[in-house]
Amino acid sequence: MPIDILHQLDGKVIVGLGSLKYLEPIIDKLNPYKIGIITDRNVAAIYRDKLAQIIGDMEIDTYIVVNNGEKVKSISTATKIWKILIKKEFTRESLLISFGGGVVGDLAGFVASTYMRGIHFINIPTTLLAQADSAIGGKTGIDMDGKNLIGTFYIPDATIIDPIFVKTLSLKQIANGISEIIKHGIIASNNLLKTLENNQEEIFSKNLTLLEKIIKSSIKIKLDIISRDIREKGIRRILNLGHTIGHAIEKATEYQISHGEAVSIGIANASRISEILLGFDETDRVLNILEQFCLPTKMLVKPDRLVDIMKLDKKNWRGKITMVLTKKIEEPTITEFTEEEIRNVLGDIYE
Ligand SMILES: NC(=O)c1ccc[n+]([C@@H]2O[C@H](COP(=O)([O-])OP(=O)(O)OC[C@H]3O[C@@H](n4cnc5c(N)ncnc54)[C@H](O)[C@@H]3O)[C@@H](O)[C@H]2O)c1
């Protein structure tokens, strides 16, 4: 498959096997004063040699290796990185490269967007979830009290998405990415859902040609939506399908459950609620697809606890809790609930 060169605002999105070769010319063109790379321990351990190969002769001024896991998306890690950049005398002309999954991408993007009011930023996502979803759309963030409550919108100069990195992911990590791709399918592409339904084995055996196709479809759906509403004032809110319940579950379990799994539970229960309130008649299909990829669908956390957390959700709109529901596949709708309404409906579906 050819490499696709797409755009989000004035940032390039380069997708396809072999797209890493674009890194060097992009950096040459940016001509940054000092370059820093942020990655996490796992990725650093697996890709030390590959990274050296990608970087080639470029001079890197600082490698920052953070712990892996959601807990590093914190103000204390951001502060440590800001201090390193100050110490290394990074300026507005400097470049930060994120090399890792969604956690590193959200954190590095947040630092890049806030250091000196914004420096050059390149994102190289290495998990399926980050490639198919989180590296697109320019959302950055750290967690504080609630998930991603502090953050910015910041479009990288370039996002380079090479599916080769999927090769070293565990099946659980593949499933985490599939969860967000299922979300894109439900929102906008029955064909994408069918591809997932019919190719579980090929996906779990990491068929890169197929995964490249799936990643490209997923990215195009997200790019199309964000191009119409980058700051999430309207249509972009549909991308939050599964995330009102999902984020609350992540927080309630103190991030012991992964983002992809939490979103899966969110999607499953948004489908159940859509069936009750809107007559959505494909709940079983949605649950089957999630379960095909060994993703959880049961609520896990009691409704009262979830609602207490949901009240802090940044997706809330003028005091109401919002949730994306579906009338049909490809027909998402944003629904607002009072606290009492959401308690009742979650109570109805909690087993
Ligand atoms: N900004 C957005 O729009 C957006 C959208 C969705 C999710 N997110 C965020 O993304 C995060 C979840 O991202 P994630 O699922 O990528 O988690 P992650 O970044 O924690 O990565 C999961 C694990 O995989 C490891 N890993 C990364 N690349 C690897 C590779 N190629 N081979 C082997 N192991 C590898 C990591 O070290 C980590 O242990 C959450 O914080 C979520 O809030 C952001």
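In what follows, residues are counted from 1 in the order of the sequence shown. Order of listing sets the numbers, starting from 1, for every ligand and every atom in it.
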Residue of the set H259, Q256, H243 for which side-chain hydrogen bond (donor to acceptor under 3.5 Å, both in side chains) holds with E250: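 Checked H259, Q256, H243 against E250; only one passes side-chain hydrogen bond (donor to acceptor under 3.5 Å, both in side chains): H259.
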Can you list the residues that meet the salt bridge (Lys or Arg N to Asp or Glu O under 4.0 Å) rule with D40, with sequence neighbours excluded?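 Checked D40 against salt bridge (Lys or Arg N to Asp or Glu O under 4.0 Å); zero matches.
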Anything with a heavy atom under 4.0 Å from ligand 1 counts, so go ahead and list those protein residues by chain and number.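 Ligand 1 is contacted, at a heavy-atom distance under 4.0 Å, by D40, N42, V43, I46, Y47, N68, E70, K73, G101, G102, V103, D106, T126, T127, L129, D133, S134, K139, K147, N148, F165, T168, L169, Q173, E180, K222, H259.
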Pairing donors with acceptors under 3.5 angstrom, does anything connect the side chains of E261 and S179?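 Judged by distance alone, the side chains do not pair up.
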Show which residues join L129 in its hydrophobic cluster (side-chain heavy-atom contacts under 4.5 Å, direct or indirect), or state none.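 Its cluster mates, by chain and number: none.
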Between K147 and E70, does at least one N-O distance fall below 4.0 Å, as a salt bridge requires?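 Between E70 and K147 there is a salt bridge, with a charged N closer than 4.0 Å to a carboxylate O.
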Give me each pair satisfying ring pair (Phe, Tyr, Trp, His ring centres under 6.0 Å) with a member in residues 144-203, each pair once, sequence neighbours excluded.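 The answer is Y47-F165, F99-F165.
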